[in-house]
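Both counts, for ligands and for their atoms, begin at 1 and track the order of listing. Quick caveat, the model's predicted, so the values are computed rather than measured.
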Amino acid sequence: MKNFFSLNDITDIKKSISEIMDLKKGNDYNSQSIKYRGKTIGLIFFNPSLRTRMSTFKASKNLGLETFFVNISENTWSLEFEDGKIMNASNVEHVKDAARVISQYCDIIGVRSFASLKNKKKDLSEHVLKSFIRYSTIPVFNMESSTAHPLQALSDIVTIKETSIKKRPKVLLTWAPHIKPLAHAVPNSFIRAMKKMNFELTISNPEGFDLDKSITEGIVVNNDQCDSFKNVDYVYAKNWCSYQNYGKVNRDYDSWTIDTNKMNLTNNGKFMHCLPIRRNVIATDKVIDHPNSLILKQSENRIYSAQYIIKKLLENE
Ligand code: CP
């Protein structure tokens, strides 16, 4: 693997999940940390993060790497992405130069750059991550881009594999309310992950909040949330803004927040969310703090997913 843009860069997902689970058992830690000692990783953030920042640092440390954290525009110059631009406005440095400079200081870089949720065409073009891939001379991996969060999806699959007694669990991805418009990166990658694993996925969302049809193709979308909870083994909650009416918010807290009554309709279902979660908006405290909640396992598994991807990229496997 030269770069890690999405789950499509992984050829055998089941093998990868099994290798991530092996890494979690601690196999091979010492030999890895000696092998990669002296190498450097650059973690480039255009947006805030708790889990991605810390889990990728921890993964790098497990591998023996030194880490540079770069917060673009906060402790670097602001970047320009347009080719041929006369740079007489606010952006100081072109990505073409920045990416090539960073490539001289690092052996691998991760980039986080969220969707603007204002310009759909630009967001779908993934111009930030693709520019880094285009101009860097070292491997680049996705730490959440406009349309994908594959490290989160790998952790989510591992979490389901660790807790499921069924080979093909029934999984529900349900829309939940939020005060602000949120991107499609997490649900897109989660859907891709469930399809690749051949788990039984359904999606529930309000009318007008269907995701990109090219991603949801073949998946049943149910606009009746309570009906969709019946007998599922896993409930993955996530907010996303409207794709059709791009960036539009729906604040239907009363009827779409996940509560105990809804969880009681499931097959003793496990609750999942990528975090951060707005308590008592996305889901109630009771659901989030219930023993069936897997949110901490998901965030723990972020370490091993990142470790796996960094290792594969350094090995060009
Ligand atoms: N789930 C996730 O990516 O969390 P952060 O935004 O805190 O990195």
Stepwise side-chain hydrogen bond (donor to acceptor under 3.5 Å, both in side chains) check, Asn280 with Asp285: CA-CA 6 Å; Asn280 304 306; Asp285 283 331; 3.1 Å; yes

Trace of the side-chain hydrogen bond (donor to acceptor under 3.5 Å, both in side chains) decision for Glu162 with Asn301: CA-CA 10 Å; Glu162 284 176 333; Asn301 286 332; 3.2 Å; yes

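The closest non-hydrogen atom to atom 2 (C) of ligand 1, taken over Arg302, Glu144, Met143, comes from Arg302. Residue nearest to atom 1 (N) of ligand 1, selected from Ile295, Asn47, Leu275: Leu275 (by heavy-atom distance). Ranked by closest heavy atom to atom 3 (O) of ligand 1, the top entry among Arg51, His149, His273, Gln152 is His149.
The proximity of Val186 to ligand 1, defined as any non-hydrogen pair under 4.0 Å, does not occur for either the backbone or the side chain.
For atom 6 (O) of ligand 1, the nearest protein heavy atom (residue, atom name, distance) is Arg112 NH1, 2.8 Å.
Of all heavy-atom pairs spanning Phe199 and Lys167, the tightest one is CE2-O, 3.6 Å.
Of the polar atoms of Pro276, none of the N or O atoms is found under 3.5 Å from an N or O of ligand 1, judged by distance alone.
Residue Tyr236 is grouped with residue Ile219 when hydrophobic side chains (ILVMFWY) are merged at heavy-atom distances under 4.5 angstrom, including chains of intermediate members.
Less than 6.0 angstrom separates the ring centroid of His184 from the ring centroid of Tyr243.
No donor-acceptor pair closer than 3.5 Å links the side chain of Asn267 to the backbone N or O of Asp233.
Short contacts between ligand 1 and Leu50, defined as distances under 4.0 Å to a heavy atom of the residue, involve ligand atoms 5 (P), 7 (O), 8 (O).
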